[in-house]
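Take a look at the structure below.
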Amino acid sequence: MRLNLVYFKRKYTARAPQMEELVPFQELRPLHLKDSIFGKTQKNMSDSCLYEMSLVFACWKDNEFASKACKDLEQNLTKCYEKYLRNTAVLKKFQKRTVPHHDSKVFTSKQISYMLHMYPNV
């Protein structure tokens with residue numbers, strides 16, 4: 001089948017910008033930011049000692065649940081859990097702060113809402 005060039009020489013192509021007179025802008029929602037946001041907490045599973053727990057379970061299975069043979073792995077698990085508790089306490093303390101620190105580059109949703117209330121849209 002032969003194609004004629006007449007079919008390809010249109011006035012308006014698909015990549016051409018739309019004419020504003022033919023397609024007027026309709027504002028569906030207001031074009032300004034709200035004064036607050038809602039954030040979701042981010043859970044990091046890498047710090048929750050799953051690897052150490054699996055090692056302890058495997059050791060118990062191999063040694064028929066004898067606790068004496070797996071003492072070092074159990075101690076590693078308790079150390080990891082204590083470290084996890086310390087880290088979560090620090091993160092909770094950080095997330096309770098409403099006023100952002102002047103040097104911080106990562107903000108929680110409360111801190112961003114605080115800044116949006118300080119500088120509202122006009």
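Worth knowing before you read on, the calculation uses all heavy atoms, side chains too, and leaves out hydrogens, waters and symmetry mates.
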For the atom pair [atom1] ([X]) and [atom2] ([Y]), what is the distance rounded to the nearest 0.5 Å?
{"X": "Phe65", "Y": "Cys70", "atom1": "CZ", "atom2": "SG", "result": "10.0 Å"}
{"X": "Lys71", "Y": "Ser67", "atom1": "NZ", "atom2": "OG", "result": "4.5 Å"}
{"X": "Tyr114", "Y": "Phe107", "atom1": "OH", "atom2": "CZ", "result": "12.5 Å"}
{"X": "Glu74", "Y": "Lys79", "atom1": "CD", "atom2": "NZ", "result": "13.0 Å"}
{"X": "Leu85", "Y": "Cys80", "atom1": "CG", "atom2": "SG", "result": "10.0 Å"}

Least distance between heavy atoms, [X] atom then [Y] atom:
{"X": "Ala69", "Y": "Cys59", "result": "O-SG, 4.2 Å"}
{"X": "Tyr81", "Y": "Cys49", "result": "N-SG, 3.6 Å"}
{"X": "Glu27", "Y": "Pro30", "result": "OE2-CA, 3.1 Å"}

Give a yes or no on whether Leu91 and Ile112 share a hydrophobic cluster (residues Ile, Leu, Val, Met, Phe, Trp, Tyr; joining criterion: side-chain heavy atoms under 4.5 Å apart).
no

Between the side chain of Gln111 and the main-chain N/O of Thr108, is any donor-acceptor distance below 3.5 Å?
yes

Kindly indicate whether the side chain of Leu77, heavy atoms from C-beta on, has any atom under 4.5 Å from the side chain of Met53.
yes

